[in-house]
Amino acid sequence: MFSNIMYEFNWTSVYEYKQKFIDGFFMTIAISIFALILSLILGLFFAYAQSSKIIFLRFFARFYVEVIRGTPLLVQILIFFYVFANNLGFENRYIVGVFILAIFSAAYVCEIIRAAIQSIEIEQYETSISLAMSNYQMYRYIIFPQAFKRMLPALTGQFASIIKDSSLLSIISISEFTMNAQEVNAYTYSTLESYIPLAIGYLLLTYPISFYTKKLEKSIK
């Protein structure tokens with residue numbers, strides 16, 4: 001197919017910018033890790049908020065999940081960065097990018113945690129109550145350890161999604177993997193030579209996660 005379109009690869013010019021790919025690769029890893037940690041914290045909070053006795057908190061958590069999951073990440077990035085971040089005076093686009101990615105991912109993490117907790121059999125709750133455990137003890141020693149095993153495969157899969165979703169941060173000029181590949185393409189006019197390494201790089205990041213996710217699913221079953 002490449003011969004039919006008369007495309008001649010020019011890897012030499014792209015190789016001169018190899019450091020751009022390396023820097024972008026590690027920047028994507030850093031952004032994804034921080035976004036994952038923050039999304040876990042936010043996800044735990046909103047999972048708790050959805051079952052809270054405070055009506056306003058429960059409504060707010062449900063509203064947040066529905067809005068974030070029901071709108072495109074690209075639109076959220078533009079609104080959060082150009083509207084909220086600018087008005088609040090946040091100028092570091094990397095920190096803002098991590099927060100945007102974490103807020104988006106937290107909605108999915110929240111549902112993963114909520115579903116895992118609700119999947120625990122009612123007998124486990126009844127047994128905890130019969131042992132005169134407090135709510136904290138019940139969730140700390142009985143419910144959450146079991147739920148964690150069930151949510152772990154989905155959480156690792158969500159981490160792979162964060163890595164791929166981070167590519168959209170290039171729209172606000174964050175020098176991650178995709179942005180750097182676009183710059184190399186602009187310098188060299190070598191489109192395929194710029195984007196093929198990009199695809200391979202994301203595959204190197206996400207495949208190990210997908211591989212271990214499948215192993216975790218089998219071990220839990």
Side-chain angles (χ1 to χ4, degrees), residues 18-48 50-51 61 64-65 68-70 72-74 76-77 94-95 97-121 124 139-170 174-181 194-221:
K18 62 181 182 298
Q19 193 60 43
K20 293 283 290 182
F21 288 104
I22 295 172
D23 293 342
F25 183 83
F26 285 106
M27 179 57 67
T28 292
I29 293 175
I31 290 173
S32 301
I33 290 174
F34 284 113
L36 174 68
I37 295 171
L38 186 56
S39 67
L40 286 173
I41 297 171
L42 291 174
L44 279 169
F45 168 76
F46 282 107
Y48 167 78
Q50 287 198 70
S51 59
Y64 158 79
V65 171
I68 295 298
R69 295 181 68 187
L73 175 57
L74 184 63
Q76 294 174 28
I77 292 172
Y94 291 91
I95 295 177
V98 168
F99 270 93
I100 293 171
L101 205 58
I103 290 171
F104 175 77
S105 180
Y108 293 88
V109 172
C110 166
E111 290 298 283
I112 291 170
I113 296 172
R114 183 187 61 81
I117 292 175
Q118 290 183 351
S119 70
I120 302 300
E121 295 76 10
Q124 301 292 327
Y139 280 97
R140 169 67 179 82
Y141 298 106
I142 304 296
I143 305 302
F144 197 77
Q146 297 180 66
F148 181 73
K149 292 181 180 179
R150 301 183 185 186
M151 71 176 73
L152 193 56
L155 287 177
T156 53
Q158 184 61 31
F159 185 38
S161 297
I162 288 177
I163 293 173
K164 290 182 289 184
D165 290 338
S166 67
S167 63
L168 293 176
L169 295 177
S170 61
I174 291 180
S175 296
E176 44 73 59
F177 204 14
T178 300
M179 180 68 182
N180 286 11
S194 300
Y195 285 102
I196 288 176
L198 180 68
I200 295 173
Y202 277 112
L203 185 62
L204 289 174
L205 288 173
T206 58
Y207 178 75
I209 298 173
S210 301
F211 176 77
Y212 285 110
T213 299
K214 292 178 182 178
K215 293 191 69 175
L216 281 171
E217 290 174 350
K218 291 180 180 178
S219 64
I220 290 174
K221 291 178 182 178

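Please read all numbers here as calculations on a predicted model, not as lab measurements.
- With hydrogens and angles disregarded, a donor-acceptor distance shorter than 3.5 Å links the side chain of S166 to the backbone of I163.
- Residues passing the salt bridge (charged side-chain N to carboxylate O under 4.0 Å, His left out) test with R140, sequence neighbours excluded: none.
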Legend entry - Working for side-chain contact (heavy atoms from CB on, under 4.5 Å), residues L40 and L44: CA-CA 6 Å; L40 286 173; L44 279 169; 5.5 Å; no
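- In this structure, F99 places its CZ atom where only 12 or fewer heavy-atom neighbours from other residues, nucleotides or ligands lie under 6.0 Å away.
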Inset, instruction - Test side-chain contact (heavy atoms from CB on, under 4.5 Å) on L198 and Y195 and set out the steps. - result: CA-CA 5 Å; L198 180 68; Y195 285 102; 3.5 Å; yes
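- Counting only residues at least two apart or in different chains, side chain to side chain donor-acceptor pair (under 3.5 Å) contacts with residues 25-45 are absent.
- By the neighbour-count criterion of 12 heavy atoms within 6.0 Å, atom OH of Y94 is densely surrounded, having more than that number from other residues, nucleotides or ligands.
- The closest side-chain heavy-atom distance from F177 to I29 is not below 4.5 Å.
- Of all non-hydrogen atoms in Y64 and A106, the two that sit nearest each other are OH-CB, 3.3 Å.
- Panel note: side chain Q146, backbone I120; no donor-acceptor pair is recorded below 3.5 Å.
- Under a 3.5 Å cut-off, the side chain of Y202 and the backbone N or O of P197 do not form any donor-acceptor pair.
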Inset, instruction - Assess whether side-chain hydrogen bond (donor to acceptor under 3.5 Å, both in side chains) is satisfied between E176 and S167, documenting all intermediate values. - result: CA-CA 7 Å; E176 44 73 59; S167 63; 5.7 Å; no
Inset, instruction - Run the numbers on S175 and M27 for side-chain contact (heavy atoms from CB on, under 4.5 Å), then give the verdict. - result: CA-CA 7 Å; S175 296; M27 179 57 67; 5.7 Å; no
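- Counting heavy atoms from C-beta outward, L205 and K164 have side chains that stay 4.5 Å or more apart.
- For the pair Y108 and R69, the minimum side-chain heavy-atom distance is below 4.5 Å.
- With sequence neighbours excluded, no residue forms a side-chain hydrogen bond (donor to acceptor under 3.5 Å, both in side chains) with Y139.
- Counting heavy atoms from C-beta outward, I77 and L169 have side chains that approach closer than 4.5 Å.
- Looking only at distances, a side-chain donor or acceptor of N180 sits under 3.5 Å from a matching main-chain atom of K20.
- A donor-acceptor pair under 3.5 Å links the side-chain atoms of R150 to the main chain of S119, judged by distance alone.
- Side chain to side chain, D23 and Q19 meet the donor-acceptor criterion of an N or O pair below 3.5 Å.
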